[in-house]
Undergrad: 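This is the structure I want to talk about, given as structure tokens.
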Amino acid sequence: MRWIRADKVSRVVSEMCIEANTVLRKDVLNALKLSLKKETNKRARWILDIIIQNAYLAREQKIAICQDTGMVVVFVEMGRAVKLNGGLKQSINEGIKQGYKRGYFRKSITPDPLNRKGLTDFTPAVIHINLTDDDTLKISLMPKGFGSENVSTLIMLNPTDDTRKIRDVVSQTVSQKGPNACPPLVLGIGIGGTADQALILSKQALLRPVNHVNRKLQVAKLEKEIFTDLNRLNIGPMGLGGRTTTLGVNILTHPTHIAGMPLAINMSCHALRSASRTV
């Protein structure tokens, strides 16, 4: 059995909040630079250049990449041989409060979604916990802005639908909703499981590095096809035209029922932020 102090978890989470909100992921930054080289639309190139400059300024001056510092989504992989001297969710939320205060990040959480009264805050986070068979505690943290979260989509396809249908549905969804999500986008797509499982997969897919080749050949092919489809839509950076509509497409799959095929799409704006630590 391995003991981990709850205050250590809070401290690590606090540091991750600062990093995620001020340092754009290297894979996303590299994808932006690559897109700038390939982009032919003059206005799109100008916007991409500003986005890249903004990322450098945020890192150097330790300020938020985006004014919307999001609702924090946390994925935890906790070993069965790990024990904490406190509550896991409490220590994570405490770390978020500390980190967001230290970073002077915007308060974005309203305590009641219906009456929307009361003081806004940084927590509670949305926390997903999975058990593993080792003695480690891995925490992945994602501040999710709601400009892109508001265009999340779940579609229950027929079991007879094929990858051509999936490509069409994703293209239609991005055509209709993508310009409101601050493109260029990174798409997380969940296929399979139940409706709720597909939505979680689509969010979790955003943690994968952009343009990382999927180990499943059929899925890798589908990711590449959707990536090509979307960059032919001429939505472009900030929806003002250009070939750079998406920086990457990540798909996660899960076994599903023979009578259905859930398809969930979660978009991230160009400021795809996350940080991971193993405690």
Side-chain angles (χ1 to χ4, degrees), residues 7-37 39 42-75 92-110 119-123 125-126 139-150 180-186 206-211 236-240 242 244 246-248 267-279:
D7 59 350
K8 181 178 181 179
V9 173
S10 297
R11 187 176 70 254
V12 169
V13 168
S14 173
E15 293 168 355
M16 291 166 65
C17 289
I18 301 285
E19 177 188 328
N21 275 293
T22 61
V23 182
L24 188 62
R25 281 172 30 178
K26 188 176 181 180
D27 58 304
V28 178
L29 184 59
N30 287 340
L32 283 165
K33 291 177 180 177
L34 183 62
S35 296
L36 179 58
K37 288 181 180 178
E39 182 60 69
K42 185 177 179 181
R43 181 162 49 192
R45 288 180 54 81
W46 177 64
I47 295 171
L48 286 171
D49 187 53
I50 290 175
I51 291 172
I52 293 169
Q53 288 184 45
N54 177 70
Y56 281 125
L57 282 172
R59 185 179 65 185
E60 290 169 7
Q61 299 187 14
K62 300 187 187 313
I63 55 177
I65 297 167
C66 176
Q67 53 82 26
D68 184 354
T69 50
M71 187 166 194
V72 181
V73 180
V74 183
F75 289 93
I92 290 173
N93 280 318
E94 179 58 30
I96 292 170
K97 289 178 184 176
Q98 293 174 12
Y100 269 61
K101 285 181 181 176
R102 286 171 56 208
Y104 299 100
F105 301 143
R106 192 183 78 179
K107 295 180 177 179
S108 301
I109 308 304
T110 182
L119 294 174
T120 57
D121 200 345
F122 311 111
T123 59
V126 176
I139 302 172
S140 298
L141 178 149
M142 179 191 302
K144 190 66 169 63
F146 264 51
S148 59
E149 186 68 7
N150 284 339
N180 295 327
C182 293
L185 310 167
V186 178
L206 293 175
L207 293 175
R208 247 185 61 205
V210 175
N211 294 333
M238 296 299 163
L240 297 175
T244 312
T246 181
L247 301 172
M267 301 184 206
S268 172
C269 64
H270 58 271
L272 172 53
R273 296 154 289 177
S274 69
S276 294
R277 293 280 193 285
T278 299
V279 181

Undergrad: Pick one: which of Val279, Val74, Leu141 meets side chain to side chain contact (heavy atoms under 4.5 Å, CB included) with Val13?
TA: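 Of all the options given, the one that passes is Leu141.
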Undergrad: Can you find a heavy atom in the side chain of Gln98 that is under 4.5 Å from one in the side chain of Arg11?
TA: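 Not touching, per the 4.5 Å side-chain cut-off.
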Undergrad: Nearest 0.5 Å please: distance from the OG atom of Ser276 over to the CE atom of Met16.
TA: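 Taking OG in Ser276 and CE in Met16, the distance rounds to 5.5 Å.
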Undergrad: Starting at CD of Glu94, measure out to OG of Ser14 and round the result to the nearest 0.5 Å.
TA: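 Glu94 atom CD to Ser14 atom OG measures 9.0 Å (nearest 0.5 Å).
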Undergrad: Hey, what's the ring geometry for Phe122 with Tyr100, parallel, tilted or perpendicular (30° and 60° as the breaks)?
TA: tilted
Undergrad: Check for a donor-acceptor pair, side chain of Thr69 on one end and backbone N or O of Arg106 on the other, with a separation under 3.5 Å.
TA: yes
Undergrad: Can you tell me if Ser35 uses its side chain to pair, donor with acceptor, with the backbone of Ala31 under 3.5 Å?
TA: yes
Undergrad: Within this structure, what is the SG-CD1 distance for the pair Cys66 and Ile51, rounded to the nearest 0.5 Å?
TA: 10.5 Å
Undergrad: Just one of Val186, Asn30, Leu272 clears the side chain to side chain contact (heavy atoms under 4.5 Å, CB included) bar with Arg25, so which one?
TA: Leu272
Undergrad: What distance do Lys144 atom NZ and Asp68 atom CG have between them, rounded to the nearest 0.5 Å?
TA: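 Taking NZ in Lys144 and CG in Asp68, the distance rounds to 9.5 Å.
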Undergrad: Which atoms form the tightest heavy-atom contact between Thr22 and Ala64, and what is the distance?
TA: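 Shortest heavy-atom separation between Thr22 and Ala64 comes out as CG2-N, 4.3 Å.
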Undergrad: Among Leu185, Ile50, Ile47, Asp49, exactly one meets side chain to side chain contact (heavy atoms under 4.5 Å, CB included) together with Pro237. Which residue is that?
TA: Ile47
Undergrad: What are the two closest heavy atoms between Gly236 and Pro183, and how far apart are they?
TA: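 The pair with the smallest heavy-atom distance is O-CG, 3.4 Å.
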Undergrad: With a 4.5 Å cut-off on side-chain heavy atoms, are Tyr104 and Ile63 touching?
TA: no
Undergrad: When rounded to the nearest 0.5 angstrom, what distance separates CZ in Arg277 from CD1 in Ile139?
TA: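 If we round to the nearest 0.5 Å, Arg277:CZ and Ile139:CD1 are 10.0 Å apart.
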Undergrad: Using modelled atom types and a 3.5 Å cut-off, is there a donor and acceptor pairing between side-chain atoms of Asp27 and backbone atoms of Val210?
TA: yes
Undergrad: Less than 4.5 Å apart, side chain to side chain, heavy atoms only: is that true for Met71 and Ser108?
TA: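 No, every pair of side-chain atoms sits at 4.5 Å or beyond.
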Undergrad: Can you tell me how far NZ of Lys33 sits from CG of Leu247, rounded to the nearest 0.5 angstrom?
TA: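 Leu247 CG to Lys33 NZ: 13.5 Å, rounded to 0.5 Å.
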Undergrad: Does any N or O in the side chain of Glu19 come within less than 3.5 Å of the main-chain N or O of Ala275, such that one atom is a donor and the other an acceptor?
TA: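 Not a single qualifying donor-acceptor pair exists.
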Undergrad: Ignoring hydrogens and geometry, is there a side-chain-to-backbone donor-acceptor pair from Asn93 to Ala125 under 3.5 Å?
TA: yes
